[in-house]
Amino acid sequence: MRTMSRRTVLAAGAAMMSAAVSGCGTGVSSSDSKDLNVWGGVPAENGPQAMCDAFMKDNPGTTVTYTRFINDEKGNVKLDTALSGGANIDVIWTYTPGLLEKRAKAGTVIDLSEYLNKANELAAFRGDAKPVSNYMMDGKVFSIPCSATPPIVLVNATLLDEAGIELPTSWTWEEYRDVARKLSGQNRFGLVAAPDTAGQTLGPNANYTPAGECNFGNAAFITDLERAQQMQTERSLMPLKTVLAEKLRVYMQAPFVQQRVAMLQGSVLYITRYLNDTKEYPHDFKVACLPFPHAAITDPWEPRSFSDLASITSKSKNPALAFEFIRYYVLNAAKLIPGRPPTLLGDTSVDELIAKTLGPDMDKLYLPETFKTVLYGPQSPKPAVDSVFTAAEQLRTIKEKLSDEVMLGTRTIASWTSEAVKQGNAAIAAVK
Amino acid sequence: MTTHTQPSAAVLPRMRPATRAPGGGSRIAGWIFILPNLVGFLAFTAVPLVSGILIAFTDWNVISGLDGIRFIGLGNFVELVGDSAFWAAVGRTILYTGVSVPVTMMLGLLLALALNSDIIGRDVLRLIFFLPHIVSSVAIGFVWLLIYNPDAGVLNQVLHALGLADPPDWLVSQTAVLPALIIIMVWSGVGFQAVIYLSALQSTPPELHEAAAIDGAGPLRRFATVTWPSLMPTTTFLLVTSMIGQSQGFGLIAFLTQGGPGDASTTLPYYMYSNGFVFYRFGYAAAIGMASFLGVIVLTVLLWRWQKGRGLHT
């Protein structure tokens with residue numbers, strides 16, 4: 001009698017699960033090598049469809065089908081199960097480097113180094129580019145970032161003006177805290193989220209020791225926690241209790257628009273998604289863009305993160321065409337994808353981009369010059385770009401949950417350190 | 001004494017045999033009738049269940065596809081035994097379920113007894129109490145988010161007005177979050193339980209109550225000897241289904257607290273979700289699911305054995 005091996009049974013079960021979870025995949029089967037199926041998290045009507053249309057117009061005979069997936073946990077698992085189930089997808093976008101690393105390790109996406117070496121206009125994204133402008137994983141490049149969201153501070157300039165505070169062009173975290181304190185008052189706080197500065201002191205891969213273990217025992221994390229506690233006590237930082245009760249981690253724009261906080265650490269996405277929409281988020285104050293504060297040390301790092309990471313899947317029947325599409329996308333993102341800060345300007349000028357980002361009420365709602373200077377002025381020569389992502393999501397969760405306990409007063413900082421290191425190392429060991 | 005006798009063959013109508021010859025058309029028709037349900041059961045219950053069991057013995061992250069499946073035997077279960085977060089989640093799940101289910105059932109029964117009496121607007125009240133059961137968990141969560149706001153929420157405003165200087169912070173307190181979630185579960189579940197109990201109460205033979213009353217039994221005695229035993233099958237059904245439902249509750253926690261603050265509301269379903277969908281440890285998540293499944297089976301068997309012989313008709 002023929003018996004099934006253990007591996008066969010497992011594979012069959014996994015196949016059943018995969019089919020059940022993925023549902024129906026793209027439904028597009030391509031035998032024509034000029035067809036591309038691309039999956040991204042940005043709604044088609046917000047630019048990707050226009051990009052696909054433009055690409056097809058400029059490359060007659062090609063067909064690009066854009067499928068939008070919801071960029072959350074379930075949406076990404078749906079994409080991954082579709083890929084592992086053999087769906088015909090050529091290009092995918094990943095929005096966090098930790099997930100990209102998982103996809104790279106699984107062989108779902110291919111190394112783009114060879115293609116990048118031939119594309120001089122994308123030289124900034126090569127592994128040896130200076131300064132680093134892409135994620136490197138084991139010496140390989142698995143994606144090209146189509147968007148970079150430099151960390152910025154959005155400030156209620158009207159409040160700043162009323163308080164007689166001049167707009168700084170550069171500031172340390174302590175100066176930033178001082179401004180937050182001055183802008184706080186009855187029913188108003190300086191900030192909604194505590195400053196996270198360890199990355200500026202420690203540089204890339206701040207969460208890991210050189211040996212690859214959890215680095216939460218480092219004094220830089222303790223400094224952050226102590227500062228956050230002090231700021232909450234002096235009421236320059238909104239109490240965490242209020243943040244959690246009103247779910248403000250997800251809706252930070254709300255207290256900023258309501259002038260319950262004077263400053264917002266964030267990215268350009270707050271502008272294009274919320275602040276430009278004065279119907280949904282009515283406000284009449286002007287917003288200035290200030291640089292991210294820096295640690296009071298010589299030559300600090302500037303944490304940089306990249307998003308909209310475009311990759312070619314290992315299942316693609318025409319990776320050359322897929323790369324051509326990504327190249328086209330990156331070079332035209334500034335023109336065709338409004339609202340996502342592009343990594344390259346292409347043939348779009350800074351003024352055009354600023355006007356597009358800040359919208360038609362630019363002069364009424366913003367101080368445009370501040371955006372121009374901060375977003376497109378000289379960048380830090382020491383960008384801290386992570387390259388280790390082992391259990392990255394677990395470490396982020398551990399840090400956040402334990403820090404919440406400290407801020408709610410149910411855990412001491414000393415026990416934070418021991419517990420964070422213990423849990424962090426366990427999480428790293430579990431996935432190794 | 002009433003006796004039942006079988007009617008004679010002479011008075012029975014002539015009936016066609018239930019089935020034709022073995023393998024006949026009626027058998028095929030039977031299969032055709034159950035086919036839609038069978039397909040649904042296989043696709044959405046049997047396949048995921050079997051897959052889940054198999055995946056529990058692997059280290060698999062979905063992304064790597066079928067080639068990436070690595071059989072690790074009992075590795076996930078060994079890890080579970082030493083995982084303090086898992087045991088903490090088990091404890092919270094037992095507390096959450098063990099308190100919310102009995103309280104909901106008790107209040108549901110009291111409500112059913114009240115609605116079973118002759119009160120004005122009984123049908124309208126029944127509908128009102130049942131409404132929370134059919135509202136989505138997100139809508140329920142949103143309303144309770146406003147009620148539970150520690151500063152501006154209605155509940156704490158009322159508690160302040162009543163003289164309580166330091167009311168709980170509810171969903172943002174590590175000690176109050178589980179009680180807060182239990183209150184929501186009780187509120188949303190009590191109407192459903194009442195409706196089920198009500199139908200059971202109305203099907204209890206009234207002559208039993210009359211006979212007990214003639215024998216001199218008071219209301220409490222009648223409840224203990226007639227009403228409660230007649231409700232035993234319903235109670236068992238509600239207890240088992242509620243325990244299963246509550247122990248697998250996910251939506252409300254995912255919307256309101258995401259398992260926090262800290263880990264204070266991380267129950268087993270949320271812990272399983274985090275490991276699978278957030279950390280991509282689907283093998284480990286499946287092992288958590290298996291452990292939960294076994295726990296529910298043991299509980300169901302125990303409850304079933306407990307109720308045997310306690311009902312009116314058992």
Self-check item: Segment of A/Val431 engaging chain B (4.5 angstrom heavy-atom cut-off)
Solution: side chain
Quiz prompt | Part of B/Leu146 lying under 4.5 Å from any heavy atom of chain A | solution = neither
Quiz item: Using non-hydrogen atoms only, which part of A/Leu244 is less than 4.5 Å away from chain B: side chain, backbone, both, or neither?
Solution: both
Exercise. Heavy atoms only: give me the nearest A/Thr81-B/Val62 pair and the separation to one decimal.
Key: CG2-CG1, 3.3 Å
Quiz item: Just how far is it from atom CD1 of B/Ile63 to atom NZ of A/Lys105, taken to the nearest 0.5 Å?
Solution: 11.0 Å
Exercise. Mind ranking A/Thr410, A/Asp404, A/Thr108 by heavy-atom pairs under 4.5 Å with chain B and telling me who comes out on top?
Key: A/Thr410
Self-check item: Neighbour count >12 (heavy atoms, 6.0 Å) for atom NZ, A/Lys315
Solution: yes
Practice problem: Below 4.5 Å from any heavy atom of chain B, which atoms of A/Lys247 appear? Answer side chain, backbone, both or neither. | Solution: side chain
Quiz item: In terms of heavy-atom pairs under 4.5 Å with chain A, which of B/Asn149, B/Leu171, B/Asp169, B/Thr175 leads?
Solution: B/Asp169
Quiz item: In terms of heavy-atom pairs under 4.5 Å with chain B, which of A/Ala391, A/Ala430, A/Ala392, A/Gly107 leads?
Solution: A/Ala430
Quiz prompt | Part of residues 82-93 of chain B lying next to chain A, heavy-atom separation under 4.5 Å | solution = none
Quiz prompt | Residue pair A/Lys401 / B/Gln258: nearest heavy atoms and the distance that separates them | solution = NZ-O, 4.0 Å
Quiz prompt | Heavy-atom contact with chain A under 4.5 Å, split by part of B/Tyr284 | solution = neither
Quiz prompt | Distance in Å, B/Ser274 OG paired with A/Glu73 CD, rounded so as to fall on 0.5 Å steps | solution = 8.0 Å
Quiz item: In Å, rounded to the nearest 0.5 Å, how long is the span from CG of A/Asn76 to CZ of B/Phe277?
Solution: 11.5 Å
Quiz item: Can you list the steps and then say if A/Leu99 with B/Tyr280 is a side-chain contact (heavy atoms from CB on, under 4.5 Å)?
Solution: CA-CA 9 Å; A/Leu99 185 52; B/Tyr280 275 72; 3.6 Å; yes
Practice problem: Could you grab the distance from atom OG of B/Ser64 to atom NZ of A/Lys102, nearest 0.5 Å is fine? | Solution: 11.5 Å
Quiz item: What are the two closest heavy atoms between B/Pro150 and A/Ala245, and how far apart are they?
Solution: CD-CB, 3.4 Å
Self-check item: Rounded distance (nearest 0.5 Å) linking atom CG of B/Leu66 with atom OG of A/Ser84
Solution: 6.5 Å
Quiz item: With a 4.5 angstrom heavy-atom cut-off, which part of B/Tyr273 approaches chain A: side chain, backbone, both or neither?
Solution: side chain
Quiz item: Checking heavy atoms, do the side chain of A/Thr397, its backbone, both or neither come under 4.5 Å from chain B?
Solution: side chain
Quiz item: Does atom CZ of B/Phe293 have more than 12 heavy-atom neighbours from other groups under 6.0 Å away?
Solution: no
Practice problem: Check whether more than 12 heavy atoms from other residues, nucleotides or ligands sit under 6.0 Å from atom CZ of B/Phe250, and answer yes or no. | Solution: yes
Practice problem: Indicate the atoms forming the closest heavy-atom contact of B/Asp263 with A/Glu405, along with that distance. | Solution: N-OE2, 3.9 Å
